[in-house]
Amino acid sequence: MIKKVTVKTLKKYKDTNEKFSMLTSYDYSTAKYIDEAGIDVILVGDSAAMVVLGYENTNNIGIDEMALFTKAVSTGAKRALIVADMAFMSFTDISEGLKNAGRLIKSGANAVKIEGCSDYILELVKRCTELGIPVMAHLGFTPQSQNVLGGFVIQSKNFEATLNLLEQAKKLEQAGAFAVVLEMVPEESAKFVTENLNIPTVSCGGGRYCTGQVVVVDDMLGKFSDFKPKFVRRYGDLKSYITDCATKYHNDIKSGSFPSDEEVYHLTDDEAKQLNIHCNALQLH
Ligand code: KIV
């Protein structure tokens, strides 16, 4: 019997100073394999916009695609806690936000992730939690606000901004968030926030002292090759592997070595004989 990771498991990790792993996934097979590998949390990230759909940034993906990817991931993963990103502009008012958060839960997510910390976001986090939808918060660099932030830039780069980051994280904790992602912030700032919160923090380029670590699976596997953030460690070279396999497949077709006799279906000898006789009669051969 598989013991499912829950928000309580993550809180226990925080309380016992244990680390947890989090990876994104967007499809059934990848979710199944990383779940079997023991990854604690699977994020159906809106990074799917870039690494799956090839869009320029995360703002082009909608709630329909997020729900579809969430359905696929939740079918593949049995143990990991599944968190799904609320797409950009899918929570322009509280009731729309609640409806779309509910949609992701109905698609198989166990929690949603919402970027930011305005009064309005705090209210949404509170209302989601009250309605039974756990919320993972997301601070530091929040990709959905990249046009406001002026691009992919490191956040909380000084003392005051670090105090402000903690203040925001505390408000989100107060509103009911069960964890908070800290993206692209100095390690010292993430450590300070982690040490002063009761809920777990998740580093996405936030250094070594957060409770959990998250990266985009396509980055970690070396599949997405358009760029590589500094904080990503590549554990594979799927890009080369896919290109090599596709090249071999292409060459085998051209040379006639694929498919081989073992890779085709045959009629029985009797049926083949009858077909031959029929062809002969029609002079089709
Ligand atoms: O969409 C995403 O992949 C994220 C990151 C935190 C990994 O939000």
Side-chain angles (χ1 to χ4, degrees), residues 10 20-27 30-31 34 39-63 65-70 72-73 77 80-91 100-101 104 109-117 121 125 134-146 149 152-156 165 168-169 172 177-185 190 193-194 199-207 210-221 223-224 226-235:
L10 302 191
F20 67 82
S21 57
M22 175 162 154
L23 259 184
T24 67
S25 181
Y26 321 99
D27 68 277
T30 309
I34 68 175
I39 295 299
D40 297 303
V41 183
I42 299 182
L43 172 66
V44 187
D46 58 2
S47 48
M50 297 162 83
V51 302
V52 179
L53 302 172
Y55 299 153
E56 199 185 323
N57 59 50
T58 57
N59 290 355
N60 290 310
I61 200 163
I63 197 73
E65 290 115 313
M66 292 308 299
L68 188 66
F69 291 138
T70 301
V73 165
L81 180 84
I82 299 169
V83 181
D85 256 337
M86 290 286 281
F88 179 62
M89 299 302 276
S90 68
F91 45 101
N100 284 326
L104 295 178
N110 307 119
V112 299
K113 179 161 76 59
I114 303 175
E115 295 183 9
C117 182
I121 296 293
V125 171
V135 179
M136 178 177 275
H138 186 155
L139 294 174
F141 177 64
T142 44
Q144 292 177 7
S145 305
Q146 61 188 265
L149 297 173
F152 277 71
V153 265
I154 302 166
Q155 302 294 308
S156 301
L165 185 68
Q168 292 188 340
L172 286 158
F178 72 90
V180 54
V181 171
L182 300 174
E183 181 161 351
M184 280 171 66
V185 297
V193 172
T194 302
I199 55 172
T201 55
V202 188
S203 160
C204 180
C210 291
T211 325
Q213 294 285 334
V214 62
V215 292
V216 169
V217 73
D218 292 56
D219 288 338
M220 187 276 276
L221 295 173
K223 185 175 179 220
F224 183 73
D226 293 2
F227 61 87
K228 184 188 95 62
K230 172 184 162 77
F231 57 85
V232 166
R233 184 182 296 176
R234 281 198 174 135
Y235 287 83

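All ligand and atom numbering here is 1-based and tracks the order in the structure. FYI, the numbering just counts along the sequence from 1.
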Are any protein N/O atoms closer than 3.5 Å to the N/O atoms of ligand 1? If there are, list each pair with names and the distance to one decimal place.
| unit_1 | atom_1 | unit_2 | atom_2 | d |
| --- | --- | --- | --- | --- |
| ligand 1 | 1 (O) | Asp46 | N | 3.2 |
| ligand 1 | 1 (O) | Asp46 | OD1 | 3.0 |
| ligand 1 | 1 (O) | Ser47 | N | 3.0 |
| ligand 1 | 1 (O) | Ser47 | OG | 3.3 |
| ligand 1 | 1 (O) | Asp85 | OD2 | 3.1 |
| ligand 1 | 3 (O) | Ser47 | OG | 2.5 |
| ligand 1 | 8 (O) | Lys113 | NZ | 2.9 |

Which label fits Phe227 and Phe152: parallel for a plane angle under 30°, tilted from 30 to 60°, or perpendicular past 60°?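 Because their plane-to-plane angle is over 60°, the rings of Phe227 and Phe152 count as perpendicular.
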Closer than 3.5 angstrom, by distance alone: can the side chain of Glu56 be matched with the main-chain N or O of Met50 as a donor-acceptor pair?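 Checking the backbone N and O of Met50 against the side chain of Glu56, no donor-acceptor pair under 3.5 Å is found.
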side-chain contact (heavy atoms from CB on, under 4.5 Å), paired with Val215, selected from Met220, Arg234, Arg233: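 Result: among Met220, Arg234, Arg233, Met220 is the only option passing the side-chain contact (heavy atoms from CB on, under 4.5 Å) with Val215.
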Can you name the side chain to side chain donor-acceptor pair (under 3.5 Å) partners of Asp219, sequence neighbours left out?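 For Asp219, no residue satisfies side chain to side chain donor-acceptor pair (under 3.5 Å) once neighbours in sequence are set aside.
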Would you indicate whether the side-chain heavy atoms of Phe91 and Ile63 approach each other to under 4.5 Å?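 The answer is no, as the side chains (C-beta and beyond) never meet within the 4.5 Å cut-off.
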Is there a side-chain contact between Asp40 and Ser21 in this structure, where contact means two heavy atoms from C-beta onward sitting under 4.5 Å apart?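 Asp40 vs Ser21: side chains touch.
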